[in-house]
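Note sheet for the following structure.
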Amino acid sequence: MRSWLPILLIATAMVLPELLVRAERDVREPPVDPELHYQLSLEEGGDQRDSQRGQVRVTGSSQPITEALIQKMVARRTEAESAYVSIWNWQGFSNVTASARGLDSKHHFANSYLVGFQPFETDKLWVPLYSLATRKQYQYDHLQYAGLSDIWQTSRQAYYQPRGDCEDHAILLADWLINLGVDARVAMGTHKGQGHAWVVAIVEDREYLLEATSKRRHASWKAMPLAALAEGYEVEFQFNRDFFWAKKSPAPTRRYRGDHWVRKSRFIRG
């Protein structure tokens, strides 16, 4: 916490768990510059209309947080300080939203990475996770982006880029499921003590925990585990295209709805 910041922030280091063994050829590949990667994402299926600009309306505050303000504050920090996900406080309200650095090297609100992208139409809820398992390879950011610790891909970029880490998988999966009419959210926290991101999907009033980085090819929704039975996951925050939630207390929970959650803010795109 720095007293000279009008916005109080906490940099949360999302150290990713080693869920998958990387192939040797990936370790040997040279790292990719994020700016070049961003341009390639536009050429290979990205869409310049997927603007991430917007503002966050904090519950209880009349003054919104703008993306320009977030980027201004991040610019005052060192490369190391801005390398990770940031959880922001605002006008006396704690943990109201999160931001992370994208392929354009700028910090954007977490909600903005869900750009409303659906690769193709399907009426089968298991298809998005199955597609991720067959299409996208898990890789740490620092190996892919010239040593940078944390770079987020939008849902569209995540589909067209062959490699990504946990939040890239989770963002694409949640956004796709939302298009299918599911109440899907990206959850942020830890898995077995390591920083992680995954998806919770609420279907027929049941909460399912979906490990977006899983490479098991389940061709049935019945194979998805109930969140209440998933061990090792400690959620702290969750978000979808519109809202950001934080827990009332640090007490662990396997429930993603209820009085122990507070809807901190709403993201307004544009």
Side-chain angles (χ1 to χ4, degrees), residues 14 16-20 85 98 100 110-111 113-139 152-159 161-245 247 252-258 261:
M14 298 295 287
L16 305 180
E18 188 143 3
L19 296 179
L20 300 173
V85 176
N111 313 84
Y113 286 89
L114 283 70
V115 297
F117 176 66
Q118 176 177 290
F120 54 85
E121 293 185 4
T122 178
D123 58 357
K124 298 178 175 59
L125 298 184
W126 56 267
V127 166
L129 186 57
Y130 184 94
S131 297
L132 269 173
T134 57
R135 181 183 182 91
K136 196 169 184 69
Q137 184 177 350
Y138 185 93
Q139 188 177 52
W152 284 25
Q153 301 169 5
T154 68
S155 53
R156 187 186 301 274
Q157 291 164 349
Y159 182 75
Q161 302 310 313
R163 296 182 294 276
D165 59 7
C166 60
E167 76 273 353
D168 304 323
H169 284 73
I171 285 168
L172 172 56
L173 178 58
D175 209 21
W176 197 346
L177 287 173
I178 290 171
N179 274 357
L180 300 183
V182 176
D183 181 355
R185 309 167 185 183
V186 177
M188 298 168 58
T190 61
H191 177 251
K192 296 182 178 179
Q194 299 295 311
H196 193 39
W198 61 95
V199 172
V200 59
I202 302 167
V203 179
E204 296 180 351
D205 204 35
R206 291 185 175 184
E207 298 175 358
Y208 294 88
L209 189 148
L210 307 182
E211 181 48 75
T213 61
S214 172
K215 300 308 172 185
R216 296 179 181 177
R217 303 176 184 183
H218 295 302
S220 171
W221 185 262
K222 294 180 180 179
M224 309 308 172
L226 292 173
L229 302 179
E231 298 182 353
Y233 292 86
E234 297 291 345
V235 61
E236 296 294 335
F237 310 102
Q238 54 181 321
F239 65 91
N240 58 18
R241 292 177 190 166
D242 302 309
F243 301 108
F244 186 88
W245 292 267
K247 293 191 304 183
T253 182
R254 294 185 184 180
R255 293 189 298 120
Y256 292 78
R257 297 171 295 169
W261 284 99

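Below, all heavy atoms of this structure are taken into account, side chains as well, without hydrogens, waters or symmetry copies. We count residues from 1, following the sequence as given.
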Apply the test side-chain contact (heavy atoms from CB on, under 4.5 Å) to residues V203 and Y208: give CA-CA distance (whole Å), side-chain angles for both, the deciding distance (0.1 Å), then the verdict. CA-CA 8 Å; V203 179; Y208 294 88; 3.9 Å; yes
Heavy-atom donor-acceptor pair, W261 side chain to R255 backbone, under 3.5 Å: yes
What do you reckon, is CZ of R135 surrounded by more than 12 foreign heavy atoms closer than 6.0 Å? yes
For the residue pair E234 and P252, establish whether any side-chain heavy-atom pair is separated by less than 4.5 Å. yes
Looking at every heavy atom in both R217 and A133, which two are closest together, and how far apart are they? CG-CB, 4.1 Å
Is there a donor-acceptor pair closer than 3.5 Å between any side-chain N or O of Y113 and the backbone N or O of A100? yes
Under 3.5 Å, is there a donor-acceptor pair between the side chain of N179 and the main chain of W176? no
Indicate the atoms forming the closest heavy-atom contact of V199 with A170, along with that distance. CG2-O, 3.4 Å
Within the 4.5 Å heavy-atom criterion, are E167 and V85 side-chain neighbours or not? no
Measuring from Q161:CD to D168:CG, what's the distance to the nearest 0.5 Å? 9.5 Å
Between Q153 and R163 (side chain of the first, backbone of the second, donor and acceptor by atom type, cut-off under 3.5 Å), is there such a pair? yes
Has E207 got a side-chain atom pairing as donor or acceptor with R257's backbone, closer than 3.5 angstrom? yes
Restricting to non-hydrogen atoms, name the atom on H196 and the atom on Y233 that form the minimum distance, rounded to 0.1 Å. CD2-CE2, 4.0 Å
When every non-hydrogen atom of A174 is compared with those of A184, the smallest separation belongs to O-CB, 3.7 Å
Between K136 (side chain) and H169 (backbone), is there a donor-acceptor pair under 3.5 Å? no
Working to the nearest 0.5 Å, report the span between CG of L129 and CZ of R216. 11.0 Å
Quick one, Y159 with D175, criterion side-chain contact (heavy atoms from CB on, under 4.5 Å). Give me CA distance, side-chain angles, the key distance, then yes/no. CA-CA 11 Å; Y159 182 75; D175 209 21; over 6 Å; no
Does the side chain of Y256 reach to within under 4.5 Å of the side chain of I202, using non-hydrogen atoms? no
Kindly indicate whether the side chain of L180, heavy atoms from C-beta on, has any atom under 4.5 Å from the side chain of Q118. yes
Which atoms form the tightest heavy-atom contact between C166 and A197, and what is the distance? SG-N, 3.5 Å
Is the Y130 to W221 ring centre distance short of 6.0 Å? no
Quick one: does R254's side chain get under 4.5 Å of L226's, heavy atoms only? no
Least distance between heavy atoms, L125 atom then P128 atom: O-CD, 3.3 Å
How long is the straight-line distance from CE of M224 back to OG of S214, given to the nearest 0.5 Å? 8.5 Å
Qualifying residue, where the test is side-chain contact (heavy atoms from CB on, under 4.5 Å) with R156 and the options are V115, L172, L114: V115
Would you give the length of the straight line joining atom OG1 of T154 to atom CZ of F117, rounded to the nearest 0.5 angstrom? 8.5 Å
When you compare the side chain of F243 with that of R185, does any pair of heavy atoms fall below 4.5 Å? no
To the nearest 0.5 Å, how far apart are CD1 in I178 and CG in L173? 9.5 Å
